[in-house]
Structure formats: structure tokens, C-alpha cells
Amino acid sequence: MPTDTTIPPVTRFAPSPSGHLHVGGARTALFCWAFAKGRGGKFLIRIEDTDQKRSSDAASVGFLKDLDWLGIRWDEGPEYTAPDGTVVGGGPNGSYFQSERLEIYARYTEKLLVEGKAYEAWDSQDELEAMRKEAAARKEAFRYRFRGEVTPDQRARYIAEGRVPVVRFRSPQAAVTINDEVLGDATLPAGEVDDFVIRKKDGFPTYHFAVVVDDELMGVTHVLRAQEHFTNTAKHILLQDALGFRRPTYGHLSIIKNPDDSKMSKRDKDKVLRKAVKEKALTAPPAGTVTAEEWSRWIGDDNVQLDLDGAIRLAEALKVTLPEINVDDFRRSGYLPEVICNFLALNGWSPGHDIEKFDNAFLKERFSLDRVMKTPAKFDRVKLLAFNTDAITGMPPDDFARRCHAHAVQYRPDYLAKLGDANFALLMKACQERSKTLDDPFRSNGFLLVADEALAFSDDKNVRKALGIGAAPADGSKTGLDHLRTLRGVLAGLPEWTQPALEGAANAYAVEHAQGKIGSVAQPLRIGVSGGTVSPPIWDTLVLVGRDSALRRIDRCVQWAEGLK
RNA sequence: GGCCCCAUCGUCUAGCCUGGUCUAGGACACCUCCCUUUCACGGAGGUAACGAGGGUUCGAAUCCCUCUGGGGUCACCA
């Protein structure tokens, strides 16, 4: 069925309540948004909270913040006030929380009941289980079918027994053809769909029923959702026909996988931690990570997830890196929202013509269902990082500084407190071309934060080599440590502590004492003030650390290095 | 297991619908070299794929069949 381009499409993103937006969900939302907005249509959000076992408090719509951060805004849906004060959401189609639409579903359930297209079923869980087992024994797939009329007498008896019925849909035994704009048409043979439940014992509709009713009432024309729903679609089509509803156009999106081919999942963080715990054979939580109670609950059940803060603390203690799974994880790691969108879109869609870099405006303009991939994509974080690096190094310096500052306010307040405005600006200038994320200027320069007395010098191969420890030059020439010692005095006598002054002095020194090889004096200096062999350009680093601190640190370094011999 | 879907470099993909221009293109990763005060950036090269087998055709990555492999789904979860 070709897409009717004359009517502005309406799409929706309909997740179950969640505090965090998962990468896969983000892509679905992005595609829904791009498809509708690129065609003058509407994009709406609906919360599928018909499972009472899942909490649905305010935190359940935390993912709206992530969506907004990505630059995806909805025309209708839950209300949300963006950081810039804009109020998003609302709309004429009633509550966008399914749990608040119960009377609507009841009306349609009643209609089907009256028309004989649905019926009450009184089976208990145990009885259903027995039927399933029986079918399994016969090596058949279990499909629930109408089990005969229940007489008023029987009904009264069931009620007296305290049974509560569910309502099941009397599925027509007909082949169902699903028209899918991504996968193409597929026909399920007659009898594949059983008499599934549409109203649960607790009175709530099942997902299948609520979805069909809401999509009709909200005027949804295109349903773009994860491929796991593909088979469900037959149920929805049958229901739409029975209710006299319009059939939306479908498009089923492939899942996103981890590099190891497993499905990308919220549990991946815990998986990494469990593996580390097992490898280290830990039997108790490291101090300051999680409580003993949380630990035992978590260890005892693979389905239990640690809360984010606890997981982060544990990861630090175990020295493992948690995989980024949620949009917010990537935000925290310093990825740019426009890059996330770009990359996400590339996982499953391509504009062709070897175009890879584009923004949401382009995506909106060019997105079409016929170019959506049918195959699952592996989420390649390395390529994402490369994209992020390109975006960051290509950014106007002022933008970089501004966005890093915003990032620091959120996630690195300690740097803001420690560095003054001038030094913050200098750090930005020194770091942009070597940063892959907005977080890199902070994450890789921890030495700026520590007290001089607390700076740890790392005893590794590169440090030893640069300082000439353990392997003094055979020709008797000076070691890095010798240079550092002498240079300390030179620098201490400098009239001013600026990059040109420092560079000039060090260069003059190198020409005179190190065959002009600036590297042999720069590295020892770097180790002296940063504790290691990696830092921003040395002259900037020296200024950032400051004269007094730099000299103190060099003294400590010399002392430390002498102790090594 | 039943049913449905899918299959191009290690990865994301272009090409497939409308067979020849594909000795299969791009990007990330990887390797080599260059640049370099560290790290990173950058520059120049390079390795690398049509899952297998049958057809159809003058000609197939492109069309058909089989096999193999992968995914999804079979809940009073969504």
C-alpha cells in the first residue's frame, strides 16, 4: 500500500513508562518524528502504562528530557517544560497516559462484547498453564480458542467462586496480510492468531487493545515501531477490522545490537559489573559503593538492576567502564545531541549518495521508509566517537567553550570551582583539537584538580624513559631528570609566567643543553606538573597549573624520581 | 518446534526494485609511511565483502529455487 502523501501523516512514539530513553527507543522516536515533520504532519507521544506492576510516577516520563535534549519535540503528548521555558505537549486527544483512558477502552470492549466479537473467559492461570503444557506435549503451539458458551448459572457460580473473567477477542480465522512499508507485505496464514486477551482481570486493557483504540482515536496514520511488534500487528489489524477502524500504515524497524551480537539492553551495565565481580571473586561490595543489602539482592538475582549512582560507584571501584546504553549516558560522556541523532539515523537508514553527515533538518527533509534497513545494526561506539570528534574539532572555538561550560555546570562543577574564568578559557583553547567529547577536557586533566602534595607520579615505562631512570645515557649526556632539575631554577627566575616566556626560556635551555631537542625537556616538565606523560601543550599546562604549584610539583617530582633509582 | 522476516568489507552502509557503466563505492576500525614537545588532530597509501549450491540469461551482487546462517514472535509485558 503506497503512502498517501496528500494527507499529513500522524506518527506516535509510545513507550512504556521509563526514566531513561534507550538508544533503540531514541532511534524509533527520531524516525517517527522525521517522517511526520518532513511531511507537514504531527508527531505525538503516548505513555503505555497499562501494566500496573510497573510504576508510573513522575519519574516514569524522565525520558522526555532526553527526547528534548536530542532536539525531538512532540506536537501532542505529556506536558513537559523544556529548559528554555517552552512548554511542549498537551493536545486535544485526551490524556496521553493510557492509565487515564480506562473508560474509553471500556466502551469499546463493551461494544465488542455486545456484538459477540469478544467474550468473557474464566480460566485461571493454572488452567491456562495446564492447557499450554498439554499443547506442548503434543508438540503444538498453544492457541486459545473459544471454549463454549457460559450459561448464566455457570457464570453465577464462577462469580461465587471469586473468579474474575478476562475478556478475549474472538479472532476471525482468516489469513492476515500485513502491509509494511519497511519489510514489504507479509501474510500470516489463517489460524495463527488466537483469541487473545483484550481486557485483563484487573480491568486494564492489554497493550494490543489500548494501542488499537488510541491509534484510531488519535488519528495515527503511520505506526513505526520496533520489529519485535511485527507479529503482533496481525492482532491489531484483526482488531481494527472488528472495531471498524482505519488501518494505519506500518513500518517495522530492526533492532540495534551490541558488538557481540546480543541485543542492546538496559541490563548491559549490570552485565559488565557482574563479570568484573566474578573475575575479581568479590564476595562483598567495595567500601563506599553500594550497601550490603543492595549488594546481596543484586548478586542473588540477575534480573535485579543496580541504580545508576550505585552502578557508577561500583564501576569506579572495579575499574571497569560502564557501557553507554541510554541517551543520558552519552550526554554524561560528553556526546553532542546532534551527533547522536545523526549516528542513530545511520543505524538503519541512509540517504544514499555516500552522504553520512547530516542534521535533523536534513533527516526530516529526506527521510523515507523505503530506505530503512531491514537488517539489525550493530551499534558501533567507535564510529560514534569518531563522528563526535569530527563535530567537536570542527566547532567554532566559542561554541566549544560555551558547550563545555554547560557540560561542566551539569557534570564537572569541581573544575568550574577550581579554574577561574581565564584558566577555563585557556583550558578550552588548549583542549579543543584533542577532545573527542565535551567531557575530555575534564576527564583527561584530573591533575589540575588535585592538591600539589597529592599529585601522584605514575611509575611507568614512558615516565622512566623520559626521565632517564634506570637507563642513563651511555654517552654521559644529561637525563630528563637532570634537565628537570636545572630547568626548575631557570623557570623560577622568569620575570613572568606566560606561554611565550616559558617557551622562550625552555627553548634557549634546550639549544644550549639538549642539542635543541625540545622534546627532551618538555616531557620531564610535563611529568613534573601533571604526574604523567600526557597533557595539553606543555606551556599551556604550565600556565594552567600556575607558577607556585608548578614549582612545588617539580620539586616533588625530582624527589620522587631520585627515590626510584 | 510452529509461524513470519532477513542475508554486500571486521562494523555502519551505497548499489538490488528498473540485470551489463561493479575488476562492488563511501565511512569507521585496522596496517604502512609522513607530520609532531606528550596525547590527540591532520596528510598520503594499503588490506578487506556480494553466505553456499543450483537455475534463468549473451550477461547476476542485482531475478527464481534449495540449503545454511541470523533475527522476531508464540503472556492477563509492552
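Numbers restart at 1 for each chain; the letters A, B, ... are given by sequence-line order, proteins then strands.
- Rounded to whole Å, the separation between the P atoms of B:rC58 and B:rU8 comes to 29 Å.
- Among residues at least two apart or in separate chains, there is no side chain to side chain donor-acceptor pair (under 3.5 Å) pair with a member in residues 426-436 of chain A.
- Classification of A:Asp123 and A:Arg147 as a salt-bridged pair holds, one side-chain N sitting under 4.0 Å from a carboxylate O.
- Base-pair partner of B:rU62: not found among the strands shown (Watson-Crick or G-U wobble, both distances under 3.5 Å).
- Distance check: A:Ile554 CD1 to A:Ile527 CD1 gives 11.5 Å after rounding to the nearest 0.5 Å.
- Residue A:Gln125 is classed as a base contact, given a heavy-atom separation below 4.0 Å to a base.
- Comparing B:rC30 with B:rU21, their C1' atoms sit 31 Å apart, to the nearest whole Å.
- Contacts of A:Asn232 with the nucleic acid, taken as non-hydrogen atoms under 4.0 Å apart, include base atoms.
- Listed by chain and number, the residues in a side chain to side chain contact (heavy atoms under 4.5 Å, CB included) with A:Arg143 are A:Ala141, A:Arg145, A:Glu192, A:Asp194 (sequence neighbours excluded).
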Side chains of residues 198-206 of chain A: which donor-acceptor partners sit under 3.5 Å, not counting sequence neighbours?
residue, atom, partner, partner atom, Å
A:Lys200, NZ, A:Thr50, O, 2.8
A:Asp202, OD1, A:Phe204, N, 2.9
A:Asp202, OD2, A:Gln52, NE2, 3.0
A:Thr206, OG1, A:Val197, O, 2.9

Between protein and nucleic acid, restricted to nucleotides 63-71 of chain B and to nitrogen or oxygen atoms under 3.5 Å apart, what atom pairs and distances do you find?
none

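- In this structure, A:Arg199 places its CZ atom 14 Å from P of B:rC77, rounding to the nearest Å.
- Residues passing the side-chain hydrogen bond (donor to acceptor under 3.5 Å, both in side chains) test with A:Ser95, sequence neighbours excluded: A:Glu100.
- When Watson-Crick and G-U wobble pairs are counted only if both distances are under 3.5 Å, B:rG2 pairs with B:rU73.
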Can you give me every donor-acceptor pair (side chain of residues 511-521 of chain A, partner residue at least two apart or in another chain, under 3.5 Å) with its distance?
residue, atom, partner, partner atom, Å
A:Ser520, OG, A:Lys517, O, 2.7

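- B:rG15 and B:rG25 have their P atoms separated by 15 Å, with the value rounded to a whole Å.
- Between A:Tyr509 and A:His483, the ring centre distance stays below 6.0 Å.
- Remark: A:Asp380 engages no residue in a salt bridge (charged side-chain N to carboxylate O under 4.0 Å, His left out) (not counting sequence neighbours).
- Judged as a ring pair (Phe, Tyr, Trp, His ring centres under 6.0 Å), and not counting sequence neighbours, the contacts of A:His208 are A:Phe196, A:His236.
- Residues meeting the ring pair (Phe, Tyr, Trp, His ring centres under 6.0 Å) test with A:Phe457, sequence neighbours left out: A:Trp560.
- Nucleotide B:rG45: paired with B:rC31 (Watson-Crick or G-U wobble, both distances less than 3.5 Å).
- B:rU73 atom P lies 13 Å from atom CG of A:Leu183, rounded to whole Å.
- Base engagement by A:His229 is indicated by at least one non-hydrogen atom pair under 4.0 Å involving a base atom.
- Taking side-chain N and O atoms only, A:Lys235 has no distance below 4.0 Å to OP1 or OP2 of B:rC4.
- The cationic group of A:Arg168 lies under 6.0 Å from the six-membered ring centre of A:Tyr144 and within 45° of the ring axis, placing it in a cation-pi geometry.
- When the P atom is compared between B:rG59 and B:rC67, the two are found 26 Å apart, to the nearest whole Å.
- Contact annotation for A:Thr50: backbone-only contact, meaning every heavy-atom pair under 4.0 Å involves sugar-phosphate atoms and none involves a base.
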(request) Between protein and nucleotides 28-50 of chain B, map the contacts as a letter string: B base, S sugar-phosphate only, - none, heavy atoms under 4.0 Å, written 5' to 3'. (result) SS-------BBBSS---------
Review item, nucleotides 14-17 of chain B N/O atoms under 3.5 Å of protein N/O:
residue, atom, partner, partner atom, Å
B:rA14, O3', A:Arg371, NH2, 3.4
B:rG15, OP1, A:Arg371, NH1, 3.0
B:rG15, OP1, A:Arg371, NH2, 3.3

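- Across all strands shown, A:Leu385 has no heavy atoms under 4.0 Å from either base or sugar-phosphate atoms.
- Nucleotides B:rC65 and B:rC17 have their P atoms positioned 15 Å apart, rounded to a whole Å.
- At a threshold of 4.0 angstrom between heavy atoms, the contacts of A:Arg168 are confined to the sugar-phosphate backbone, with no base atom among them.
- Contact check for A:Cys404 versus A:Tyr415: no side-chain heavy atoms found under the 4.5 Å cut-off.
- The base-pairing partner of B:rA78, taking Watson-Crick or G-U wobble contacts with both distances under 3.5 Å, does not exist among the strands shown.
- Across the strands present, B:rU38 finds no partner; the criterion is a Watson-Crick or G-U wobble pair with both atom distances under 3.5 angstrom.
- Across all strands, A:Arg132 comes closer than 4.0 Å only to sugar-phosphate atoms, never to a base (heavy-atom distances).
- With both ends at atom P, the span from B:rU62 to B:rU18 equals 14 Å, rounded to whole Å.
- Listed nucleotides B:rC77, B:rC4, B:rU73 differ in distance to A:Glu228; the shortest reach to its side chain belongs to B:rU73.
- Distance check on atom P: B:rC34 versus B:rC50 gives 34 Å, rounded to whole Å.
- Of the C1' atoms belonging to B:rC28 and B:rU66, the separation is 36 Å, rounded to the nearest Å.
- Among the heavy atoms of the strands lying under 4.0 Å from A:Gly348 are primed sugar atoms or P, OP1, OP2 only; no base atom is included.
- In textbook terms, a nucleotide whose glycosidic angle is within 90° of 0 is syn, and B:rC41 is one such case.
- Residue contacts for A:Asn507: at a heavy-atom cut-off of 4.0 Å it reaches no nucleic acid atom on any strand shown.
- Every residue meeting the side chain to side chain contact (heavy atoms under 4.5 Å, CB included) condition with A:Asp126, not counting sequence neighbours, appears here in chain and number order: A:Ser124.
- A:Lys201 comes within contact range of at least one nucleobase, with a heavy-atom separation under 4.0 Å.
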